[in-house]
Amino acid sequence: MEKIYIETYGCQMNFADSEVIASILHGAGYGVSGSVEEADFILINTCAIRDNAEQRVRHRVRELRAMQTRRPGLRVGVLGCMAERLQSRLMAEEDNVSFVCGPDAYRRLPAMLADVRRGGKAADVELSTTETYADIEPVRLAGNGISAYISIMRGCQNYCSYCVVPYTRGRERSRDPQTIVDEARTLFGRGYREVTLLGQNVNSYCWQGADGVPTTFPELMDRVAAIDPRLRVRFATSHPKDLSDKLLEVMAAHDNICRCIHLPVQSGSDRMLKLMNRKYTVEWYLDRVASIRRHLPDCSITTDVIAGFCGETLEDHELTLELFRTVRYDYAFMFKYSQREGTYASRHMADDISEAEKTRRLNEIIALQGRIALENNREEVGRVYEVLVEGESHRSKERLFGRNSQNKVLVFDRGDAVAGTYRRVRVDDVTAATLLGTLV
Ligand code: 5AD
Ligand code: SF4
């Protein structure tokens with residue numbers, strides 16, 4: 001039996017896709033290996049969102065060349081967003097790559113691998129308007145047996161001016177809700193206690209049933225949450241323009257829908273938001289934050305932000321810092337703007353903030369957010385949370401870790417706690433990233 005090894009870079013959606021890829025190739029008779037050394041095919045599932053993500057993959061591909069010299073039968077393929085973006089150009093530039101496969105072409109991987117095995121090269125980067133892989137039961141790779149991703153929709157057509165995703169993942173399409181509920185129920189039966197529903201913009205999830213009755217995201221959440229109160233439900237990502245009160249009402253009605261909303265803001269300046277084609281203003285965004293806090297007072301809010309987008313002035317940057325001070329995020333993913341070929345911004349706007357200045361602004365945001373996260377965490381001391389125990393702490397075998405509903409990591413003395421169960425933990429001490437506590 002020939003073996004494949006999958007290496008995954010980038011977002012949660014890519015990790016979910018890798019599990020679909022494993023399932024497709026397993027079904028075609030390939031073994032799915034946990035070790036590079038014994039693989040006949042190495043599949044690299046890639047991200048194209050920023051240039052540094054692509055450089056990391058290129059570096060890895062070149063590193064694998066040495067292994068291929070030692071083992072001439074070993075074939076390397078590039079999958080996902082970078083494959084879609086560069087297409088067969090990638091095989092010309094990196095000549096040890098034998099196949100490239102875009103995010104909607106995974107069903108054709110068995111045929112591609114067969115071609116490659118005969119000594120050929122293969123490329124399939126066709127995008128689809130309908131593919132959701134709804135009928136494929138993912139092979140859970142290297143998971144903890146406790147939490148799993150479920151992809152509920154694919155693609156994006158928001159066309160934020162800086163973003164390459166609409167070009168690499170194609171049009172938005174939603175997956176049949178029944179297959180989502182079934183997948184979650186099966187996972188729960190196998191002992192899983194947390195599912196994260198994934199899409200580029202989950203709030204625009206919409207399935208047209210055969211009867212013409214649509215299922216929207218709040219309705220889907222309601223159905224998944226109703227499977228069992230012991231199954232935690234998370235979701236990502238929400239576009240602020242589409243975050244509805246209806247969803248917040250459904251969340252409030254189910255204790256097992258986690259109190260954590262990822263609401264990427266990107267900038268605190270209306271002028272920048274307009275140039276970014278985000279379709280909301282700071283006022284709108286703050287109204288959504290206020291609504292979250294009204295419906296779900298204990299909800300954590302996290303974000304994404306970009307420093308140094310085209311034409312960003314010091315005043316624009318200051319407005320971003322101001323917004324961070326106002327919202328006081330629990331966590332933020334913070335990036336420097338990276339120009340992506342083919343996007344609206346790359347065609348019509350100048351990438352005119354120097355690398356040094358982007359770094360300076362980014363570091364300012366990081367430092368501010370670090371202080372806010374620590375201050376937020378200090379207020380947690382003395383609180384008791386229900387924690388889903390995930391496993392041993394990385395630092396010490398004597399301690400376990402898990403997450404609360406707000407998605408904060410708690411580390412605590414092991415006691416008699418067991419992974420995959422819920423325990424109450426009191427917070428005794430904190431860092432900017434972790435809460436330290438004891439079982440109660
Ligand atoms: N440069 C920097 N960051 C980007 N993101 C998306 N495109 C770019 C880009 N060209 C960020 C956004 C998005 C997150 C997933 O990645 O903040 O929310
Ligand atoms: Fe990119 Fe905007 Fe779509 Fe998010 S919503 S994937 S940032 S285009």
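Just the heavy atoms: all of them, side chains too, but no hydrogens, waters or symmetry mates, feed the values below. In this chain, numbering begins with 1 at the start of the sequence shown. From a predicted model like this one, the values you see are computed outputs, not experimental measurements. Order of appearance sets the numbers: ligands from 1, and atoms from 1 within every ligand.
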Atoms named by residue and atom, protein N, O or S, within reach of atom 2 (Fe) of ligand 2 (under 2.8 Å)
Cys160 SG
Donor-acceptor pair, Asn14 side chain versus Asp17 backbone, under 3.5 Å?
no
My understanding is that only residues two or more places apart in sequence, or in another chain, count here; which of them pass ring-ring contact (aromatic ring centres under 6.0 Å, His included) with Phe401?
His394
Which of Tyr149, Tyr205, Phe217 passes ring-ring contact (aromatic ring centres under 6.0 Å, His included) with Phe235? It is Phe217
At under 4.0 Å between heavy atoms, which part of Phe335 makes contact with ligand 1: side chain, backbone, both or neither?
side chain
Should you measure from each heavy atom of Arg340, which atoms of ligand 1 turn up under 4.0 Å away?
10 (N)
How far is atom 2 (C) of ligand 1 from the closest protein heavy atom, and which atom is that?
Lys336 O, 3.2 Å
Using 30° and 60° as the class limits, which term best fits the ring planes of Tyr331 and Phe333: parallel, tilted or perpendicular?
perpendicular
Nearest-0.5 Å distance that lies between atom SG in Cys81 and atom CZ in Arg169:
4.5 Å
Working to the nearest 0.5 angstrom, can you tell me the gap between Asp242 CG and Lys279 NZ?
9.0 Å
Indicate whether the side chain of Ser300 and that of Lys408 have a donor and an acceptor atom separated by less than 3.5 Å.
no
Note: Glu54-Arg85 ion pair, threshold 4.0 Å (strictly below):
yes
Going from CG on Leu436 to OG1 on Thr431, what distance comes out if it is rounded to the nearest 0.5 angstrom?
6.0 Å
May I ask which of Asp51, Thr303, Val265, Asp304 has a heavy atom nearer to atom 15 (C) of ligand 1 than the others do?
Asp304
Residue-level breakdown please: for Ile306 versus ligand 1, do any non-hydrogen atoms fall below 4.0 Å on the side chain, on the backbone, on both, or on neither?
side chain
Atom 9 (C) of ligand 1 sits nearest the protein heavy atom Ser338 O, 3.6 Å
For atom 7 (S) of ligand 2, find the nearest protein heavy atom and state the residue, atom name and distance (0.1 Å precision).
Tyr162 OH, 3.4 Å
Atom pair OG1/CG of Thr215 and Asp222 - distance to nearest 0.5 Å:
11.0 Å
Compute the shortest N/O to N/O distance between Gln339 and ligand 1 and return yes if it is under 3.5 Å, no if not.
no
How far is atom 5 (N) of ligand 1 from its nearest protein heavy atom, and which residue and atom name does that atom have?
Arg50 NH1, 3.4 Å
Under 3.5 Å between any N/O of Tyr337 and any N/O of ligand 1: does that happen in this structure?
no
Side-chain donor or acceptor of Glu219 paired with backbone N/O of Thr216 under 3.5 Å:
yes
How far is atom 17 (O) of ligand 1 from the closest protein heavy atom, and which atom is that?
Gln266 OE1, 2.6 Å
Tell me the protein heavy atom at minimum distance from atom 7 (N) of ligand 1, and give that distance in Å.
Tyr162 CD1, 3.3 Å
Could you tell me the separation between the CD atom of Gln12 and the CZ atom of Arg234, rounded to the nearest 0.5 Å?
10.5 Å
Can a protein heavy atom be found under 4.0 Å away from atom 4 (Fe) of ligand 2?
no
